[in-house]
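Heads up: the structure comes next, in structure tokens.
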Amino acid sequence: MAENLVIVESPAKAKTIEKFLGKDYLVKSSYGHIRDLAKKEFGINIKKNYEPHYIISPDKKKIVAELKKLAQESAQVWLASDEDREGEAISWHLAEVLGIPPEKAKRIVFHEITKEAILKAIQNPRPIDQNLVNAQQARRVLDRLVGFELSPVLWKKVKPSLSAGRVQSVAVRLLVEREREVLNFNTVPVYRVVAVFEVAGSDGKITELKAELDKKFNTREETMAFLESCKVAEFVVEGVETKPVKKSPSPPFTTSTLQQEASRKYGFSVSQTMTIAQKLYEGGKITYMRTDSVNLSDLAIGTTKKAILKEFGEKYLKTRQYKTKSRGAQEAHEAIRPTYMEHSEIAGPANEKKLYELIWKRTIASQMSEALLEKTTVNIRISNRKETLVATGEVLLFDGFMRVYRESTDDENGENGSELIPPLKQGQALNMESIEAMQRFSHAPARYTEASLVKKLEELGIGRPSTFAPTISTIQTREYVVKEDRQGTIRTLDGLKLKDGKITGFIKNEKTGFEKSKLFPTDIGIVVNDFLTEHFGNIVDFNFTASVEEEFDEIADGKMVWYEMIHRFYKPFHEQVDLTQKTSSRSSGERSLGNHPETGEPVVVKIGRYGPMAQIGIANEDTKPRFARLAKGQLIETITIEEAIKLFALPRSIGDFEDAAVTVGIGRFGPYIRHKSAFYSLKKGVDDPMTVDLDRAMVIIIEKRTADLMRVIKEFDEEPELKVLNGRFGPYISFKKKNFKIPKTTDPATLSLEDCKALIAKSSNDK
DNA sequence: CAGTGAGCGAGCTTCCGCTTGACTT
């Protein structure tokens with residue numbers, strides 16, 4: 001039996017550390033937190049100074065029992081969870097559960113997984129920092145109180161099963177506010193003018209020089225007048241300015257910057273990025289992937305330096321240490337970097353290779369020289385106008401870090417003046433080749449992607465590296481938000497061109513409103529957000545987290561008592577919850593669209609029991625209202641009365657087949673055909689429910705019937721409720737609406753009724 | 001799975017932050 005038991009948070013970390021420590025040390029992992037607040041009565045005794053009631057999480061019972069046993073058998077237990085608020089609390093919970101008095105606990109911390117760092121940590125144990133633990137308890141209790149008091153208000157006032165919380169509700173608010181900015185954006189066209197000049201070099205070769213006018217015109221008339229004057233104008237170089245520009249590399253990856261870059265460069269969702277990174281981490285290929293630190297260990301900087309010298313030479317080397325700038329960072333780990341910098345690539349699945357290379361390049365680049373550019377600006381005077389034409393160009397003098405890595409931006413229509421400027425002298429007259437004026441529309445702020453929302457949350461200090469991906473998925477599973485593509489429309493732009501003394505008009509088409517994998521708030525998201533901002537504005541305030549974080553820091557410094565801080569927050573908050581429960585009315589987001597043009601009945605849209613819907617007419621003794629669900633992409637806030645009325649064209653009857661009526665409608669899962677009480681989905685992008693005809697419907701019905709036949713591997717006359725079917729995950733047994741697995745070694749076609757029943761019985765016994 | 005659109009109303013839902021697998025119909 002080992003003399004020493006070391007407990008860390010992550011099993012992969014345990015494996016690595018065990019190698020450094022040798023035989024006398026057994027290194028185990030707690031798999032994160034082992035206890036949490038009970039669910040009953042908040043798990044908090046509000047009357048008794050908010051005393052938390054912790055229980056061992058069900059999925060941790062096994063590991064806790066194992067750790068308990070090992071702790072008893074060991075002479076010493078080293079608590080080596082991360083050095084931050086949560087890590088300190090994990091150690092404290094472990095000490096409590098394993099029966100170690102906190103003052104006797106051997107708490108050790110290290111920020112990098114190297115032999116030196118760990119041996120040093122072992123030599124410097126300390127007691128558990130109770131103040132830091134209390135800061136964590138305050139954080140935990142506050143989040144529970146907010147979440148478990150606000151959510152039930154929503155169940156009562158909006159819809160059951162909804163949720164609210166310090167983090168998710170702000171995330172939704174950001175999306176709702178951005179959506180409104182986009183929808184209310186007033187786009188205005190202006191004319192942008194670009195002139196092309198021909199410049200002869202010393203060798204007689206002609207190069208083009210493009211210059212943009214420093215003014216944009218609002219009307220066609222103004223633009224025409226400008227071009228008219230250019231017909232007779234002379235163009236002279238007024239000034240040439242060149243200045244050197246340095247570009248520095250970005251710091252190494254944190255969780256949030258990795259999610260952003262993987263999204264921009266490869267289109268990965270944030271959870272996809274985290275799953276791939278987890279694989280790389282478990283395989284020992286990268287350091288820990290949930291971090292807010294940009295710090296690199298000395299060892300890492302050393303090996304990075306070596307790799308740069310070997311691949312690119314001394315000219316490209318410039319080592320540096322970066323400082324974290326994000327709010328509330330706790331820096332328990334290093335930045336995300338390759339474990340071994342000498343491996344510029346790895347073997348494995350394509351996505352893992354891609355992400356690894358991205359991390360490798362980013363890390364390498366962070367220790368490379370700045371890129372040197374020369375930026376040139378040329379001002380060109382127009383003899384008969386006061387406006388100036390400006391040409392800008394950039395020349396790369398030394399690539400530096402850009403040789404391996406360039407960061408992408410969220411701005412898709414980024415236009416960089418990176419053209420080469422021919423040598424020019426002040427006072428030089430230029431030969432105008434043509435001038436083009438093109439309409440350009442101002443565009444609304446961009447909608448958030450998953451990754452850009454994470455970026456924003458991090459800027460506001462809301463959420464942690466371990467919760468960014470789960471938060472993004474929570475707001476989607478609650479259906480506050482959908483991730484979607486939008487087709488967009490074509491818009492026609494007006495253009496004017498001056499060439500050879502003549503002005504001609506032309507048009508150009510441009511795609512607008514096109515969106516790819518963007519987050520859109522739903523009606524539920526909007527209604528919940530408006531309700532929360534109206535009644536609990538302080539909780540969904542963008543600075544709420546930042547201000548409570550300041551108080552948590554005070555608690556951690558021993559300058560504030562944690563439950564007193566909670567009390568100051570809870571008292572007014574709870575009163576507000578009570579007041580809202582009692583006085584506010586139900587919130588359905590109802591919006592009146594006016595009256596039906598033919599029948600005069602009122603048309604309204606609101607959230608009903610089954611989601612957003614339109615209603616024509618009101619319920620009373622003689623009239624019954626009609627209902628229709630809103631289509632995908634339609635919002636209560638923006639739908640027009642015409643669009644709403646159109647929804648009532650469905651379901652429509654399209655004829656008879658096999659002596660039964662065939663109808664077409666749109667349901668919760670999209671457009672469908674209904675025939676003899678069976679449903680058949682319409683093909684996405686192929687069939688339109690408004691135009692689909694009987695012939696096409698018959699084809700769909702027959703296709704579905706054949707597909708269903710193929711699905712059946714075996715049926716039994718004696719037991720019609722039992723079937724062997726082919727499903728998404730392979731063959732399975734279906735019995736009384738329940739499904740059962742078939743062992744992979746068994747050929748499903750050979751199963752007898754008895755075999756199936758045996759498999760069902762076996763599966764039931766396992767549970 | 002998809003149709004519906006009220007108030008007889010059981011019992012349930014829910015937070016954030018640490019960690020990984022389990023395992024889908």
Side-chain angles (χ1 to χ4, degrees), chain A residues 8-14 29-37 39 42-44 57 59-60 63 81-82 84-91 93 136 139-156 159-169 275 278 281-282 288 290 330 332 462-468 470-471 474 478 539 545 586 588 606-615 619 624-629 650-651 663 665-674 677-682 711 725-734 737-741:
Chain A
V8 296
E9 290 182 38
S10 143
K13 200 170 170 181
S29 145
S30 74
Y31 290 80
H33 274 294
I34 53 160
R35 293 201 300 187
D36 193 14
L37 296 173
K39 296 225 167 175
F42 291 10
I44 300 166
S57 314
D59 56 331
K60 297 292 165 57
I63 184 72
S81 46
D82 298 345
D84 58 17
R85 206 160 62 199
E86 299 297 327
E88 201 68 17
I90 289 174
S91 279
H93 282 298
Q136 192 275 346
R139 198 280 303 155
R140 181 66 193 92
V141 166
L142 179 112
D143 281 336
R144 170 56 66 86
L145 289 170
V146 169
F148 275 35
E149 292 231 341
L150 281 189
S151 301
V153 180
L154 295 179
W155 303 344
K156 206 171 155 199
K159 215 181 136 184
S161 302
L162 294 175
S163 66
R166 175 176 59 84
V167 173
Q168 58 168 288
S169 297
T275 310
Q278 175 88 30
Y281 169 65
E282 284 169 8
Y288 198 57
R290 289 185 277 264
Q330 307 211 0
I462 298 171
R464 306 276 315 129
S466 68
T467 60
F468 291 139
T471 300
T474 298
R478 293 264 172 280
I539 305 292
T545 292
R586 262 192 87 85
S588 67
K606 63 177 181 184
I607 291 177
R609 239 210 307 179
Y610 309 103
M613 61 166 191
Q615 177 178 344
K624 253 191 163 176
R626 286 175 295 148
F627 304 97
R629 72 166 40 247
L650 292 174
T663 54
I666 297 179
R668 205 153 94 74
F669 302 98
Y672 65 88
I673 291 167
R674 195 176 160 201
S677 76
F679 291 89
Y680 305 86
S681 292
L682 285 183
R711 209 162 68 95
L725 300 173
N726 231 331
R728 199 146 59 97
F729 307 103
Y732 66 100
I733 299 167
S734 161
K737 304 215 162 157
K738 278 192 168 174
N739 300 314
F740 302 90
K741 276 195 295 189

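The figures here come from the full heavy-atom set of this structure, side chains too, leaving out hydrogens, waters and symmetry mates.
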Starting at CZ of R674(A) and ending at C1' of dG3(B), how long is that distance when rounded to a whole Å?
5 Å

Report yes if the side chains of R626(A) and Q615(A) come closer than 4.5 Å at any heavy-atom pair, otherwise no.
no

Do the side chain of R144(A) and the main chain of E149(A) share a donor and acceptor less than 3.5 angstrom apart?
no

A164(A) and L150(A) have their tightest heavy-atom pair at CB-CB, 3.8 Å

Which nucleotide sits closest to the side chain of R609(A): dA6(B), dG5(B), dG3(B)?
dA6(B)

So does E9(A) get a backbone contact from the side chain of S29(A), meaning a donor-acceptor N/O pair under 3.5 Å?
yes

What stem regions, each of at least 3 consecutive Watson-Crick or G-U pairs below 3.5 Å, can be found for DNA chain B?
none

Heavy atoms only, 4.0 Å cut-off, all strands: where does G43(A) land among base, sugar-phosphate and nothing?
nothing

Check whether K60(A) reaches the backbone of R35(A) with its side chain - one donor and one acceptor, N or O, closer than 3.5 Å.
no

Protein heavy-atom contacts under 4.0 Å, written 5' to 3' over nucleotides 11-21 of chain B as B (base), S (sugar-phosphate only) or - (none), form the string --BBBBBBSS-

Between D82(A) and R290(A), is the closest basic N to carboxylate O distance under 4.0 Å?
no

For a quick check of understanding: with a heavy-atom distance under 4.0 Å over all strands, which category does S81(A) fall into, base, sugar-phosphate or nothing?
nothing

When you compare the side chain of Q330(A) with that of E86(A), does any pair of heavy atoms fall below 4.5 Å?
no

Return yes if some donor-acceptor pair links the side-chain N/O of T471(A) with the main-chain N/O of T467(A) below 3.5 Å, else return no.
yes

Separation of dT4(B) atom C1' from F679(A) atom CZ, nearest Å, is 11 Å

